[in-house]
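The structure appears below as structure tokens.
By convention in this document, chain letters (A, B, ...) are assigned in the order of the sequence lines, proteins followed by strands, and residues within each chain are numbered from 1. Because only heavy atoms are used, hydrogens play no part in the values below, and waters and symmetry mates are left out as well, while side chains stay in.
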Protein chains: 2
Amino acid sequence: MNAYQKFKMTPQRIAIMNCLGQRNLHPTADEVFQAVRKMLPRISLGTVYRNLEFLTGNGLIKKNEQGGGQRRYEGNLEKHYHIKCTSCGRLEDAPIEPFESLENSLEGLCDYKIFECQVEFEGLCPDCQAKHSSRTNSQAEA
Amino acid sequence: MNAYQKFKMTPQRIAIMNCLGQRNLHPTADEVFQAVRKMLPRISLGTVYRNLEFLTGNGLIKKNEQGGGQRRYEGNLEKHYHIKCTSCGRLEDAPIEPFESLENSLEGLCDYKIFECQVEFEGLCPDCQAKHSSRTNSQAEA
DNA sequence: CCTCTTAATGGTAACAATTATCATTTATAA
DNA sequence: TTATAAATGATAATTGTTACCATTAAGAGG
């Protein structure tokens with residue numbers, strides 16, 4: 001029994017899933033709304049929020065609360081890390097295998113029961129590096 | 001020249017710093033507001049937000065945007081990881097030394113310039129484990 | 001000491017992201 | 001078909017944060 005049989009998949013939910021289907025995509029609720037709208041023009045933002053929550057709760061997508069302000073969602077359920085550009089806020093999957101040992105590294109060191117470990121690299125994306133260096137090279141540009 | 005000489009430290013800013021002085025404390029803006037109020041009853045929430053931003057911008061405290069919804073702040077500037085209880089939302093410093101190699105592990109694997117790496121363990125705190133197990137042991141309790 | 005200038009504050013309004021509400025629609029089952 | 005329950009769309013309410021602005025406080029120079 002796959003997800004589409006186990007849960008009631010309305011057209012709205014399917015559209016949201018499709019929108020999150022591509023790899024390395026981490027849209028906000030509003031970006032999902034804008035995208036899904038093209039297929040279902042009458043869908044409401046509330047439905048998008050409600051279903052993003054529903055799909056997250058049932059493990060069909062992942063909610064990504066790292067990165068402050070706006071929540072992001074993704075369809076990639078495989079364990080992976082993220083890189084965030086501190087300048088433009090862009091979020092991407094990190095091209096690195098997750099470390100096996102990380103979740104267990106607190107074993108015996110505290111009384112928490114650890115399930116997961118979120119890792120987020122922070123730095124400057126290529127675009128922002130270019131912007132930044134061109135700005136420092138010629139201050140007059142501004 | 002220390003921070004208090006380099007920057008204009010108003011009574012409000014000092015009170016906020018003091019509030020964040022203790023280790024393993026990660027209050028929200030509102031929690032800081034409530035605490036600081038006891039010393040400076042006329043301080044406004046806007047001033048708290050403004051100064052948390054000011055202090056973060058000048059590297060006197062750290063903003064912690066991991067953990068969704070509400071932003072948290074801390075006075076501990078040393079590199080460290082966090083544990084979050086997924087049930088009650090509690091955030092604590094992880095009792096483990098940060099891994100030296102983590103920031104550099106993406107070297108050559110992507111075009112980002114990596115500065116930092118945030119690590120957040122997720123699990124159940126002792127309190128929530130107790131609650132959870134007592135609930136599953138005797139469903140009738142509810 | 002006094003002004004002048006600038007920065008910080010408190011109070012409040014505005015804003016943005018998210019959640020709640022509720023009447024209507026859609027799906028499912030008897 | 002009708003009854004029942006769940007999901008939707010539209011919108012209001014809530015929450016966390018930021019922006020605004022008149023007033024206050026703090027220095028600097030006379």
TODO: Calculate the interatomic distance between B/Phe7 atom CZ and C/dA7 atom C1'; express it in whole Å.
DONE: 16 Å

TODO: Considering just the side-chain nitrogens and oxygens of A/Thr10, establish if one lies under 4.0 Å of OP1 or OP2 belonging to D/dT8.
DONE: yes

Open item on the list: Please report the distance, rounded to the nearest Å, between CZ in B/Phe33 and P in C/dT12.
Closed with: 12 Å

Task: Length of the line joining B/Leu40:CG and D/dT24:C1', which is rounded to integer Å - done: 15 Å

TODO: Linking directly or through intermediates, with side-chain heavy atoms under 4.5 Å: list the remaining ILVMFWY members grouped with A/Phe115, chain and number order.
DONE: B/Leu124

Task: B/S/- contact track for nucleotides 14-30 of chain C, protein heavy atom under 4.0 Å - done: ---SBB-----------

- [ ] Calculate the interatomic distance between B/Phe54 atom CZ and C/dA7 atom C1'; express it in whole Å.
- [x] 11 Å

Open item on the list: From CD of B/Glu31 over to P of D/dT15, roughly how many Å is that when rounded to an integer?
Closed with: 15 Å

- [ ] Go through the side-chain N and O atoms of A/Tyr81 and A/Gln118 and say whether any donor and acceptor fall under 3.5 Å apart.
- [x] no

TODO: Would you mind reading off the distance between B/Glu65 atom CD and D/dT17 atom C1', rounded to a whole angstrom?
DONE: 12 Å

TODO: Report the distance from atom CD1 of B/Ile16 to atom C1' of C/dT9, rounded to the nearest whole Å.
DONE: 11 Å

Contacts under 3.5 angstrom, residues 22-32 of chain A side chains, donor-acceptor by atom type, not counting sequence neighbours:
residue : atom : partner : partner atom : Å
A/Arg23 : NH2  : A/Glu78 : OE2          : 3.3
A/Asn24 : OD1  : A/Asp93 : N            : 2.8
A/His26 : ND1  : A/Leu91 : O            : 3.3
A/His26 : NE2  : A/Glu74 : OE1          : 3.1
A/His26 : NE2  : A/His82 : NE2          : 3.3
A/His26 : NE2  : A/Asp93 : OD1          : 2.7
A/Thr28 : OG1  : A/Glu31 : N            : 3.2
A/Glu31 : OE1  : A/Thr28 : N            : 2.9

Task: For B/Glu97, side chain to side chain donor-acceptor pair (under 3.5 Å) partners two or more places apart - done: none

Open item on the list: Suppose we screen for salt bridge (charged side-chain N to carboxylate O under 4.0 Å, His left out). Which residues come up paired with B/Asp111, at least two apart in sequence or across chains?
Closed with: none

Task: A/Met9 CE - D/dA6 P separation (whole Å) - done: 18 Å

- [ ] Pick base, sugar-phosphate or nothing for B/Thr47, based on heavy-atom distances below 4.0 Å to the nucleic acid.
- [x] base

TODO: Applying salt bridge (charged side-chain N to carboxylate O under 4.0 Å, His left out), name anything that partners A/Lys79, two or more places apart in sequence or on another chain.
DONE: A/Glu103

